[in-house]
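What follows is one structure encoded as C-alpha cells, with my remarks underneath.
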Amino acid sequence: MSASPALFPLFLDLRGRRVLVVGGGSVARRKIEALRDAGARVVVGAPALEPAIARLVDDGDIERLVGRFDPNWLNDTWLVVAATDSTIINRAVATAAEARRVWANVVDDAELSSVQVPSRVERGRLQVAISSGGGAPMLARHLREKFEAQLDESLGELAGLLADQRRRIRRRWPDIGARRAFFERLLSGPVPGLLRRGDADGARAEFERTLEQDATPHPRGSVALVGAGPGDPGLLTLRGLRALNEADVILHDRLVSREVLALARRDAELIEVGKQVGGDHHATQARIHALLVEHARAGRRVVRLKGGDPFVFGRGGEELEILHAHGIDFEVVPGVTAAIACAAYAGVPLTHREHAQSVRFLTALGRDGDDPVDWPALAQERQTLAFYMGVSGLERIRDNLVAHGRAADTPFALIENGTRAQQRVVAGTLSQLPEAAAAHAVKAPALLILGEVAAAATALHWFGPRPLRLEDAPGSRTVPQAA
Ligand code: SAH
C-alpha cells in the first residue's frame, strides 16, 4: 500500500475565470454544466460536439475551439478538464497543463490529474465534499449517499440566512466565544425546525430574537410525530430518518420494528409506550400525553414514533391537540401505512381499472349491538376494503358482508407481519375467511384486504413465502368448507 498523503482540499471561486474543457461528449457536457453552475467562463475544445453543447455555443453561453487539442488552448486558463475518451489526448492535456502550471483534472484518471473533483452533497451554498484521494471512489460515493439521505434540504436556506446575516452577527457578538455561544443557541433552537417546516418568516423572526437575547434562554423543546412505516426499515422516509438522528427522546409504540429503532441516534432515550392488549387504553394515552409534554417542556427534541402512518388509526390527531394546547412546537412526518405497505408486499394493487374503483381503510373492531358500520355500502362490488386490527372479528365481517350481498367468492388476502422477514399471507375467498385465518393461526399485526383485487396475491406474489390457502393447513380436511 502506498502511503501517499491525503489531497489538500480547496473550494475554487471560478466566477468569471476561464476554464477549458477538452472533449465534446456527454461526460464533457456534465462537466460543463457543473462549471457553469459555479460561474466559470467555459471554453470547450473538441473536433465534434454533442447537440446540447453545440446549443450552448450557438447561444453564446460558452466559447468553442475547433480541432484537436493544442497546448495554446491553455493560454489564460485557470483550470482544464480533460473529458475525451482518448487516453493519448487526455495525457497530452495533462502534460501540457503541468508544463504551464495549470491545474488539470482528467475525468476518471486520478493518476493523470493534478486536481480531483470530489463527490459532493449540496444544500444551497452549503457543500460537503468527499475524497478518497482517487483510491476508493466507491467508498466516497457510498458516504455521499449517506449524507444525501441525512442532510435536510432546508440546510441550504439556513446557510443562506446565516450568510446574509454574517455582518450583523459579528457586530452583535464581536467576541468569538460569545459568538460561538450564539450559534450554539441558534442551531439548537427553533430556527432550523421552522425552516424545515417551510416557515421562512417565522425562522427570520426567531433569528432576530435569538440574535438580540443576551444569555441562554431556557431551551425550547419540540415534538416530531413520525410514521415509522410497517416494519421494513427501508420504508422509513428520509425525513423520518433525520428526525430519529436528532432525537433526544423517542416515545415509540410496540408496533415499531427493532430495525427502525436501530436507526435512532445512539444516545437517544427510548421509551416504549405501547398499549397493552386488554390494558386501560385511556390511562395509557394519558401517560403518553404527559410524557410528551414533560419532555418537550424540559427542552428536549422528542420523536413520537408510531407504526405505519401517525394519522391512520394512530391517535396522532389527539396527541397534536395536546401539544397545541400546551404551545409546544410540532411537526408531522408521514409514514407508509400498513394497508399501502401490505398491499405492495403481497402483490395486491389496491385499485385496478377493471376490478376496484375505490379503496377504504377500516378497522375490524366494533361491537355488534350498536353497529356503526355501513355494511350495505361495504358490500358493494368493485371496491377494496382494507381492515386494520383484522385478527378478531373476521366472522362478523364475513357474515355481515355476505348478508348484505357481497359475493361469497370475493377474494381476500390476510397479511400478517407485512414487509417483515416473518411475513405470511393467507389467501382465499370471503366464505372461508375466519376458518382460513384460524387454520393458520394468524396473529397480530395483520391486515385484511378484501375485494376483487386480492386475487392477485397469488398471481403477483413476489415477497416472502407463497400465500397459504385453507387447504394448506395441517388437518384441513377436517375443517368444513363454509360456502
Ligand atoms: N398507524 C398504523 C396503524 C395502527 S393500528 C398504520 O398506519 O399502519 C394497528 C394495526 O395496523 C394492526 O392491528 C394491523 O392491522 C396493522 N398493521 C400495522 N403494521 C402491520 C404490519 N407490519 N403487517 C400487517 N398489519 C400491520
Side-chain angles (χ1 to χ4, degrees), residues 224-237 239-240 243 250-261 272-279 281 284-285 288 303-320 332-348 350 359-366 373 384-394 396-397 412-427 433-434 436-437 440-451 454 457 461-465 467-468:
L225 183 60
V226 177
D232 178 346
L235 296 175
L236 185 70
T237 65
R239 263 179 192 269
I250 298 170
L251 304 181
H252 67 93
D253 288 347
R254 277 203 308 177
L255 207 53
V256 175
S257 72
R258 263 194 288 140
E259 290 86 344
V260 170
L261 289 174
E272 191 192 300
V273 293
K275 298 179 185 72
Q276 301 296 320
V277 179
H281 283 205
T284 322
Q285 198 60 45
I288 294 170
V303 164
R304 172 71 178 105
L305 190 61
K306 289 168 172 290
D309 180 88
F311 281 177
V312 178
F313 304 127
R315 291 191 167 220
E318 290 164 53
E319 293 175 15
L320 290 195
V332 184
V333 181
V336 181
T337 189
I340 304 282
C342 290
Y345 278 55
V348 174
L350 289 174
V359 54
R360 297 188 191 226
F361 294 178
L362 313 132
T363 73
L365 295 178
V373 180
T384 306
L385 308 180
F387 285 99
Y388 288 70
M389 297 171 252
V391 180
S392 53
L394 295 179
R396 175 171 163 266
I397 291 174
F412 78 84
L414 185 56
I415 301 121
E416 176 191 81
N417 275 311
T419 80
R420 304 176 185 209
Q422 320 87 298
Q423 172 172 310
R424 290 200 304 163
V425 177
V426 176
L433 172 60
H440 290 288
V442 174
K443 288 188 284 295
L447 183 115
L448 170 66
I449 301 177
L450 190 116
H461 160 269
W462 64 272
F463 180 82
L468 300 161

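Note that the structure is predicted; figures quoted are calculated from it, not measured. Just so you know, ligand 1 is whichever comes first in the structure, and atom 1 is the first atom listed for that ligand.
When every heavy atom of Thr419 is checked against every heavy atom of Gly231, the shortest pair comes out as OG1-N, 3.8 Å.
Between Leu394 and Leu414 the shortest side-chain heavy-atom distance falls below 4.5 Å. Within the 4.5 Å cutoff, the side chain of Gln423 has no heavy atoms near those of the Glu416 side chain.
Taking the six-membered ring for Trp and thresholds of 30 and 60 degrees, Phe463 and Tyr345 have ring planes more than 60 degrees apart, a perpendicular arrangement.
Glu318 is linked by a side chain to side chain donor-acceptor pair (under 3.5 Å) to Arg315, counting only residues two or more places apart in sequence or in another chain.
Remark: distances from the non-hydrogen atoms of Ala446 to ligand 1 include one below 4.0 Å. The shortest heavy-atom distance from Ala444 to ligand 1 is not under 4.0 Å.
Judged by distance alone, with hydrogens and angles left aside, the side-chain atoms of Thr237 form a donor-acceptor pair with the main-chain N or O of Gly240 at under 3.5 Å. For Arg360 (side chain) and Leu385 (main-chain N/O), no donor-acceptor pair under 3.5 Å exists by modelled atom type. When atom types are taken as modelled, the side chain of Asp309 and the backbone of Gly335 share a donor-acceptor pair closer than 3.5 angstrom. A distance-only check finds a donor-acceptor pair linking the side chain of His461 to the backbone of Gly464 [under 3.5 Å]. Here the side chain of Thr384 pairs no donor or acceptor atom with the backbone of Gly451 at under 3.5 angstrom. Counting only distance, with no hydrogens or angles, the side chain of Arg239 and the backbone of Pro334 share no donor-acceptor pair below 3.5 Å.
Annotation for ligand 1: atoms under 4.0 Å from non-hydrogen atoms of Val312 are 1 (N), 2 (C), 3 (C), 6 (C), 7 (O). Atoms of ligand 1 found under 4.0 Å from any heavy atom of Leu447, numbered from 1 in the order shown, are 24 (C), 25 (N). In the vicinity of Gly308, heavy-atom distances shorter than 4.0 Å reach the ligand 1 atoms 6 (C), 7 (O), 8 (O). Of all atoms in ligand 1, listed by their number and element, those nearer than 4.0 Å to a heavy atom of Cys342 are 23 (N), 24 (C).
Scanning the protein for heavy atoms near atom 12 (C) of ligand 1, the closest one is Met389 N, 3.9 Å. What sits closest to atom 23 (N) of ligand 1 on the protein, heavy atoms only, is Gly418 N, 2.8 Å. In terms of protein heavy-atom proximity, atom 4 (C) of ligand 1 is nearest to Phe313 O, 3.4 Å. Ranking protein heavy atoms by distance to atom 7 (O) of ligand 1, first place goes to Thr337 OG1, 2.6 Å. With hydrogens left out, the protein atom closest to atom 8 (O) of ligand 1 is Ala338 N, 2.9 Å, a heavy atom. For atom 11 (O) of ligand 1, the nearest non-hydrogen atom of the protein is Tyr388 CD2, 3.4 Å. For atom 2 (C) of ligand 1, the nearest non-hydrogen atom of the protein is Gly307 O, 3.2 Å. Of the protein's non-hydrogen atoms, Leu255 CD2, 3.8 Å is the one closest to atom 9 (C) of ligand 1.
The side chain of Arg420, and not its backbone, has at least one atom closer than 4.0 Å to an atom of ligand 1 (non-hydrogen atoms only; side chain from C-beta on). With a 4.0 Å cut-off on non-hydrogen atoms, Ile415 touches ligand 1 through its backbone and not its side chain. In Asn417, the part holding a heavy atom less than 4.0 Å from any atom of ligand 1 is the backbone. Within the 4.0 Å heavy-atom criterion, neither part of Pro310 lies near ligand 1.
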